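Below is one structure; the comments refer to it alone.
Bear in mind that the values here come from a model prediction, so they are computed numbers and not experimental data. Scope of the values below: all heavy atoms of this structure, side chains included, with no hydrogens, waters or symmetry mates.
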Amino acid sequence: MNKEIKRLESLYLEKPERVFSMYLNTDPSDPEQQGGEWRIHLKNGLQRFEKYLKNDGNKDELENFQKVKKKVKDYVAENELDFAKSVVIFATPDDSVWFAEIFQVPVKTEFFWEEIAKVDQLIQLHQDYPKAGIILTQKEAIRVVETELGRPLDDVLYELDLDTEDWRRHTGPHRAQATVGSGGKSKKREQFIARFEANRHRWYKSIAPDLDKLAKDHGWDYIYMMGPSEETHELGEEMNKTINAYIDKNMLDQEESKIITKALNEISNS
């Protein structure tokens with residue numbers, strides 16, 4: 001995202017070329033958005049520029065804006081069912097710039113049609129919601145959800161192979177099928193739990209360097225630990241990286257979006 005922001009900051013277009021910048025609040029939990037008012041704000045925002053350009057009599061600039069307007073409307077029509085709290089778009093008529101992202105974080109609705117991209121809000125969002133790793137623990141499984149600006153970037157699951165005592169890494173769609181403690185119930189499960197508790201320190205010590213490396217290689221600015229308090233704190237103590245927040249909540253099997261939302265809400269309410 002830092003590279004994208006720098007690229008947007010470097011833009012400067014002279015008439016009749018312009019850069020369209022849009023921050024649209026689509027947060028359904030916002031009292032002012034209960035009826036989907038964002039649709040009205042979007043319609044009025046686009047019409048305002050079009051009306052101004054028609055009155056100004058600049059045909060070339062009007063045509064350029066109408067190209068961007070069509071792309072924006074097409075994007076909204078194709079993606080509105082996936083909208084969360086906000087949509088941010090930057091676009092140029094010649095298609096050299098097209099940045100369109102759905103975020104799980106709020107914005108203030110604003111529209112710009114200027115010679116530069118208006119990135120102030122995007123920069124502030126990136127400062128408020130930096131690249132982060134959410135490390136979730138649940139006995140013999142550790143899941144890592146990577147996020148930036150409230151959106152998921154990566155999802156990895158580590159499972160402990162009790163036969164070899166090695167951690168196996170899962171990526172891709174099958175990771176959700178790797179259920180925690182799937183092997184047997186009752187007495188067998190009780191025996192496993194007792195064995196895990198007896199060896200937890202050693203097993204967490206063996207996986208900690210992998211998590212430290214992941215944090216370093218991916219440039220995390222923030223690390224959340226989520227899961228049973230004893231497990232998360234013990235794993236956190238084995239890592240060299242600083243843990244910024246601990247959340248005592250079992251969510252390892254939940255969807256990425258729910259995990260990220262929980263993490264962000266916990267921090268914003270603390």
Side-chain angles (χ1 to χ4, degrees), residues 1 4-5 8 20-50 68-91 98-113 117-134 136 143-155 173 176 221-222 224 226-227 244-245 247-270:
M1 183 55 66
E4 194 64 50
I5 290 174
L8 291 169
F20 178 73
S21 306
M22 181 186 90
Y23 298 91
L24 185 64
N25 174 15
T26 58
D27 186 357
S29 66
D30 188 328
E32 296 183 1
Q33 292 290 335
Q34 296 302 305
E37 281 79 2
W38 63 264
R39 294 181 178 84
I40 298 172
H41 297 151
L42 175 63
K43 180 180 178 181
N44 290 344
L46 294 173
Q47 284 185 343
R48 186 171 68 250
F49 290 123
E50 195 165 33
V68 170
K69 176 185 172 183
K70 183 181 185 307
K71 286 192 67 178
V72 171
K73 293 181 70 174
D74 288 347
Y75 176 83
V76 169
E78 292 171 10
N79 295 279
E80 66 175 295
L81 292 178
D82 298 321
F83 282 3
K85 291 192 174 183
S86 61
V87 181
V88 177
I89 294 178
F90 296 94
W98 175 252
F99 174 101
E101 294 287 348
I102 298 166
F103 293 137
Q104 293 276 357
V105 294
V107 300
K108 174 186 175 184
T109 296
E110 292 183 308
F111 300 89
F112 302 95
W113 176 252
K118 302 293 283 189
V119 295
D120 293 2
Q121 272 206 74
L122 187 60
I123 291 172
Q124 188 61 52
L125 286 176
H126 196 246
Q127 291 174 352
D128 293 341
Y129 305 97
K131 198 170 190 180
I134 306 171
L136 302 99
R143 182 179 176 188
V144 180
V145 176
E146 188 173 277
T147 178
E148 187 177 30
L149 289 167
R151 57 183 179 166
L153 298 180
D154 199 7
D155 194 344
D221 298 307
Y222 205 95
Y224 304 85
M226 188 181 294
N244 302 95
I247 302 170
D248 189 3
K249 189 80 173 176
N250 282 328
M251 296 190 71
L252 188 136
D253 293 324
Q254 296 290 318
E255 296 175 0
E256 293 171 337
S257 60
K258 291 182 179 179
I259 291 168
I260 293 169
T261 298
K262 178 64 176 177
L264 296 180
N265 287 344
E266 286 288 326
I267 300 308
S268 63
N269 293 332
S270 63

Closest approach of [X] and [Y], non-hydrogen atoms and distance?
X      : Y      : answer
Leu24  : His41  : CD1-CB, 4.4 Å
Tyr129 : Leu264 : CD2-CD2, 3.7 Å
Asp221 : Asn244 : O-OD1, 4.3 Å
Ala263 : Tyr224 : O-CE2, 3.8 Å
Ser21  : Lys118 : OG-N, 3.1 Å

Within a reach of under 6.0 Å around CD of Glu255, are more than 12 heavy atoms found that belong to other residues, nucleotides or ligands? no

Crowded around Lys249 NZ? As in, over 12 foreign heavy atoms under 6.0 Å?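 Atom NZ in Lys249 is not packed in, count stays at 12 or less.
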
Look up atom [atom1] in [X] and atom [atom2] in [Y], then write down how far apart they are to the nearest 0.5 Å.
X      : Y      : atom1 : atom2 : value
Met22  : Ile89  : CE    : CD1   : 3.5 Å
Glu256 : Ile259 : CD    : CD1   : 7.0 Å
Glu146 : Ile260 : CD    : CD1   : 10.0 Å
Asp248 : Asn250 : CG    : CG    : 7.5 Å
Phe83  : Ile102 : CZ    : CD1   : 5.5 Å
Asp120 : Gln124 : CG    : CD    : 9.0 Å

Whether [X] side chain and [Y] backbone form a donor-acceptor pair below 3.5 Å:
X      : Y      : answer
Thr147 : Ala132 : no
Ser86  : Val105 : yes
Gln121 : Lys108 : yes
Arg143 : Leu252 : yes

Are any non-hydrogen side-chain atoms of [X] and [Y] less than 4.5 angstrom apart?
X      : Y      : answer
Lys131 : Leu153 : yes
Met226 : Val145 : no
Arg39  : Glu80  : yes
Leu122 : Phe90  : yes
Ile134 : Ile247 : no

Anything under 30° is parallel, anything over 60° is perpendicular, the rest tilted; go ahead and classify Phe20 against Phe111. tilted

Should Arg151 and Glu101 count as an ion pair when the cut-off is N to O under 4.0 Å? yes

